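Down below is the structure, laid out as structure tokens.
Everything numeric here is computed off the predicted structure, so don't read it as measured data. So that the names make sense, note that chain A is the first sequence line, chain B the second, and so on, each numbered from 1.
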Amino acid sequence: MKPLPPQSELELFERAQAISGLSLAQLAQAAGVDVPKNLNRDKGWTGQLLEWHLGADAGSKPVPDFEDLGIELKTIPIDIHGKPLETTYVCVAPLTNITGQTWQSSPIRIKLNRVLWIPILAERQIPVTDRIIGYPILWSPSEEEDRNLQADWEELMDMIALGRVNQITAKTGEYLQIRPKAAHSRIKTAGIGHDGKMVETLPKGFYLKKNFTQKILLNIVNS
DNA sequence: GCATGATCATTA
DNA sequence: TAATGATCATGC
């Protein structure tokens, strides 16, 4: 009995509150699925389990998890101190046909417009079954956060547009980074070469660095 | 290959 | 030991 999609932001948040403090074993049992021994071959398992419980309806469609509400769901692994253990994938980084793109209308900005963050106490030493759901955070970027992301985005997009995509590393950008996003390192997609001609390159995605997501997690404490 | 969901594991 | 670069599952 998968929950129906929530009809309002409040209803979604209340559902998220209701499952905070529960273990992944409890959520898995309620959903009628088995808990994998590790996430080695089930890296998206936790996220999909939470989608089930909260009634996300988008499936694998390129739309927000809660389509009618325009809200994206993100689980984020944290340690006992509340610090993020991993960066957060947002969306693919466009590598061609990017002239004229603006931050205002970029897919990444739209995707981050409203996000329900669900921390998961997920230190590697903790068995998957014993990992605990944290308190949810319903978030939209502050003006400062938006400016910070825009600055990194413009730097990264400039490099892509100028044919410097192969000079981008995970170190580029203060809060937003670009890293590989592919099944393996032999996957190729089109990009812009140093001479302006098309070249094959590894597909890449935008990721929020831990220093950015940590601020989001801390804001709830201060507000 | 690209979109969804991310974490793994080697390197620095 | 944290961060970077690589990788895993699934559907179309």
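- When the P atom of C:dT4 is taken as reference, atom OH of A:Tyr89 falls 18 Å away, rounded to whole Å.
- Salt bridge status for A:Asp158 with A:Arg164: absent, with no side-chain N to carboxylate O gap under 4.0 Å.
- Taking atom CD on A:Glu51 and atom C1' on C:dA9, their separation rounds to 14 Å, with Å as the unit.
- If you measure from atom CD1 of A:Ile178 to atom C1' of C:dT4, you get 14 Å, rounded to the nearest angstrom.
- Backbone-only contact: A:Pro62 has heavy atoms under 4.0 Å from sugar-phosphate atoms and none from a base.
- Comparing A:Val63 and A:Arg124 by the nucleotide of DNA chain B that holds the closest heavy atom to each, the one mapping nearer the 5' end is A:Val63.
- The nearest whole Å value for the distance from the CD1 atom in A:Ile187 to the P atom in C:dG5 is 19 Å.
- Here A:Thr46 lies out of heavy-atom contact (under 4.0 Å) with every strand.
- At the heavy-atom level, A:Glu72 lies under 4.0 Å from the strands shown only through sugar-phosphate atoms.
- The residue A:Gly47 sits close only to the backbone: its heavy atoms come under 4.0 Å of sugar-phosphate atoms, none of a base.
- Read 5' to 3', the first and last nucleotides of DNA chain B with an atom closer than 4.0 Å to a heavy atom of chain A are B:dG1 to B:dA9.
- Residue contacts for A:Ala122: at a heavy-atom cut-off of 4.0 Å it reaches no nucleic acid atom on any strand shown.
- Checking the phosphate oxygens (OP1, OP2) of C:dT4, no side-chain nitrogen or oxygen of A:Arg179 falls inside 4.0 Å.
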*asked:* For A:Val115 and A:Ile216: C-alpha separation, side-chain torsions, deciding distance, then whether side-chain contact (heavy atoms from CB on, under 4.5 Å) applies.
replied: CA-CA 11 Å; A:Val115 179; A:Ile216 295 173; over 6 Å; no
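- Atom CD of A:Gln26 is surrounded by more than 12 heavy atoms from other residues, nucleotides or ligands within 6.0 Å.
- Spacing between atom CD of A:Glu86 and atom P of C:dT1 amounts to 16 Å, rounded to whole angstrom units.
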*Evaluate side-chain hydrogen bond (donor to acceptor under 3.5 Å, both in side chains) for A:Thr46 paired with A:Arg131, printing each intermediate quantity in order.*
CA-CA 10 Å; A:Thr46 308; A:Arg131 297 183 182 181; 6.0 Å; no
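- Within a 6.0 Å radius of CD in A:Gln167, other residues, nucleotides and ligands contribute more than 12 heavy atoms.
- Using a 4.0 Å heavy-atom distance criterion, A:Lys181 is classed as a base contact.
- For A:Lys210 and A:Asn40, each mapped to the nucleotide of DNA chain C holding its nearest heavy atom, the one lying further toward the 5' end belongs to A:Lys210.
- Across all strands, A:Leu202 comes closer than 4.0 Å only to sugar-phosphate atoms, never to a base (heavy-atom distances).
- Each of A:Lys111 and A:Thr88 was assigned the nucleotide of DNA chain B with the nearest heavy atom; the assignment lying further toward the 5' end belongs to A:Lys111.
- Partners of A:Phe66 according to the ring-ring contact (aromatic ring centres under 6.0 Å, His included) rule, which considers only residues two or more places apart in sequence or in another chain, do not exist here.
- Across all strands shown, A:Asp65 has heavy atoms under 4.0 Å from sugar-phosphate atoms exclusively, and none from any base.
- Taking the charged nitrogens against the carboxylate oxygens, A:Lys215 and A:Glu145 have no contact shorter than 4.0 Å, which rules out a salt bridge.
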